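For reference, the structure discussed in these notes is given below.
This chain uses plain numbering: 1 for the first residue, then up along the sequence. None of the values given here were measured: they were computed from a predicted structure.
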Amino acid sequence: MHLRHLRLLDFRSWPLLELELDPGVTTLVGRNGHGKTNVLEAIGVLASLRSHRVASDAPMIRTGATTALVGALAHNAGRELTVELALNSGKANRARLNTSPTRRLSDILGVVQSVLFAPEDLALVRGEPAERRRLLDELMIQRRPALGGDLSEYSSVLRQRTALLRSASGALRRGRVEDSAAVLDTLDVWDGRLAELGARLVSGRIDLLHRLRPLVVDAYRGLAPESRPADLTYRFRVADAPDESELSDPELVEAVLLAELGRRRRDEIDRGMSLVGPHRDDLVLSLGDEPAKGFASHGETWSFALALRLGSLELFRSDGVEPVLLLDDVFAELDRHRRAALAGVAAGVEQVLITAAVGEDVPDSLRGVRHDVVMTGDGSDRHSAMTVSRRRDDGVEGARHAGGDDAAGVGGDDGGSDGDDDENTITGSRATP
């Protein structure tokens, strides 16, 4: 699949961006903090309904705005589809598919599919379990969009149930036993729903892991042939957990979760938090007999993080899907061997978007269209802008306007250039290769 057009409105530092895209490589070059990553983040949000950088939507809405819009025209499986996501401050987000409002946000999952590799991916190896759960869930819902609805509902049930636990905990501490009993009666209903939804998520993660594991192991072996063998296992955090191979059965998992919820209820009330469910599980990464977290060298950590993303790419391909590959300022961080390995894979992908602080950081084998990203304006009007494209593969130097009168300059110029940077900059009218 590939994107033909990307539109951002009041998304982070972009008041407006209209970016025409083609298959092949597109490189966004600019200083750190000028808005390059925001473009890749927006594509990732369309693909998974989540940001790889923040847990809430608020930071993605431009200061002073109440709504951020991300839209795209996607070519997927021989069809042209338009998709739009509105991130709203203080009210529910909304989505459109082919201009029609969707009943649920998850209805747009699968239209855009992407794999992103960024320096932050080191946290997949070094960081907390939430980072690795996010990896599994983002892959899972892109491949099985129906589970996106389950994940969203599970999050809602978890919030409601945790609020009840806090109420029960507070009532008991104040000696209000009757109030606590009423809350506990309600809690039984939420336990059942959490176990049902949680079981579907756990079994979905396990099915995904069984497909992903050999791909990641092979990718790691190619990146670090001298290292210890890599492995991935699922940690289901309940007492006397079944074998991983049994967790693909949602009925069994639901029964185990219900039993564990009953066993841990007193602990949950005392602490006022939900201690049971897939939100507590982990994906354990190991090298040989040791966990990668805390034992992997810096080079092994980079290799494992990259292997997770390359394995994800190959997983999509095994499904007959060619996702958009997003590479966020990673080539400057990789050594020669890993740069070459990543460049070799990227050269064979249908569409690749790369960000870099310096154009020379991008390997020569990944030539294509280059856009320069700059920060312009002052004070509250400071925002990202993009110069019109120039090709890296045809020797054309310097920026040029594209799209005729549609490519308006920052100051409202009609496209003429006198060499001043602002005259070669567009805030979002059109950037075309």
Side-chain angles (χ1 to χ4, degrees), residues 3-22 25-46 51 53 59-73 84-85 87 118 326-329 353-362 368-392 396-433:
L3 302 181
R4 303 291 298 178
H5 185 83
L6 178 69
R7 182 173 191 259
L8 307 183
L9 178 64
D10 288 330
F11 184 86
R12 287 202 183 260
S13 59
W14 293 93
L16 175 64
L17 174 66
E18 301 274 6
L19 181 61
E20 301 292 336
L21 294 164
D22 282 326
V25 179
T26 298
T27 304
L28 308 180
V29 179
R31 296 178 183 176
N32 292 333
H34 280 201
K36 309 182 304 296
T37 296
N38 300 343
V39 178
L40 302 196
E41 178 186 26
I43 296 172
V45 169
L46 281 180
S51 165
R53 303 162 76 189
M60 293 185 283
I61 302 173
R62 181 169 161 78
T63 302
T66 57
T67 298
L69 288 177
V70 182
L73 173 62
E84 182 181 271
L85 178 64
L87 306 175
L326 308 172
L327 303 177
D328 185 22
D329 210 11
L353 275 75
I354 302 171
T355 67
V358 179
E360 289 70 23
D361 286 341
V362 181
V369 175
R370 168 174 166 166
H371 298 285
D372 291 325
V373 177
V374 298
M375 189 66 73
T376 187
D378 297 310
S380 61
D381 188 44
R382 190 165 170 79
H383 59 272
S384 296
M386 187 179 291
T387 60
V388 255
S389 64
R390 52 181 172 177
R391 282 204 165 269
R392 298 185 67 220
V396 175
E397 294 297 332
R400 60 176 174 82
H401 279 297
D405 291 343
D406 286 339
V410 168
D413 187 86
D414 64 1
S417 174
D418 61 5
D420 186 275
D421 285 344
D422 283 348
E423 298 292 342
N424 276 327
T425 305
I426 58 174
T427 56
S429 294
R430 286 199 188 278
T432 57

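- The side-chain heavy atoms of H383 and D10, taken from C-beta on, include no pair separated by under 4.5 Å.
- The side-chain heavy atoms of R370 and V362, taken from C-beta on, include no pair separated by under 4.5 Å.
- Shown here for I354 and V25, the closest heavy-atom pair between the two residues is CD1-CG1, 3.8 Å.
- Here R62 pairs with nothing under the salt bridge (charged side-chain N to carboxylate O under 4.0 Å, His left out) rule; sequence neighbours left out.
- Side-chain contact between V373 and R31 is absent, with no heavy-atom pair separated by less than 4.5 Å.
- Atom CZ of residue R7 and atom CG of residue L17 lie 10.0 Å apart, to the nearest 0.5 angstrom.
- Here H371 contributes atom NE2 and T355 contributes atom OG1; the two are 13.5 Å apart, rounded to the nearest 0.5 Å.
- The distance from the CG atom of L73 to the CD atom of E20 is 8.5 Å, given to the nearest 0.5 Å.
- Side chain of S384 to main chain of H34: a donor-acceptor pair is present (N/O by atom type, distance under 3.5 Å, no hydrogens or angles).
- A distance of 9.5 Å separates OG1 of T387 from CG of L28, quoted to the nearest 0.5 Å.
- Looking at L6 and V39, their side chains come closer than 4.5 Å, going by heavy atoms from C-beta outward.
- When every heavy atom of A356 is checked against every heavy atom of D361, the shortest pair comes out as CB-CB, 4.4 Å.
- In plain terms, the two heavy atoms of M60 and A68 that are nearest each other are O-CB, 3.7 Å.
- Here N32 pairs with K36, D329, A357 under the side chain to side chain contact (heavy atoms under 4.5 Å, CB included) rule; sequence neighbours left out.
- Considering only heavy atoms from C-beta on, T37 comes within 4.5 Å of R53 through its side chain.
- Of the inter-residue distances, the one linking L87 atom CG with R12 atom CZ reads 10.5 Å to the nearest 0.5 angstrom.
- Between the CD1 atom in I43 and the CG atom in L326 there is a gap of 5.0 Å [rounded to 0.5 Å].
- Here the closest non-hydrogen pair linking L3 and A72 is CD2-CB, 4.2 Å.
- Residues N38 and F11 come closest through the heavy atom pair O-CE2, 3.3 Å.
- Contacts of R382 classified as salt bridge (charged side-chain N to carboxylate O under 4.0 Å, His left out), with partners at least two apart in sequence or in another chain: none.
- T376 and A385 make their closest contact through CG2-CB, 4.1 Å (heavy atoms, listed as atom of the first residue, atom of the second, distance).
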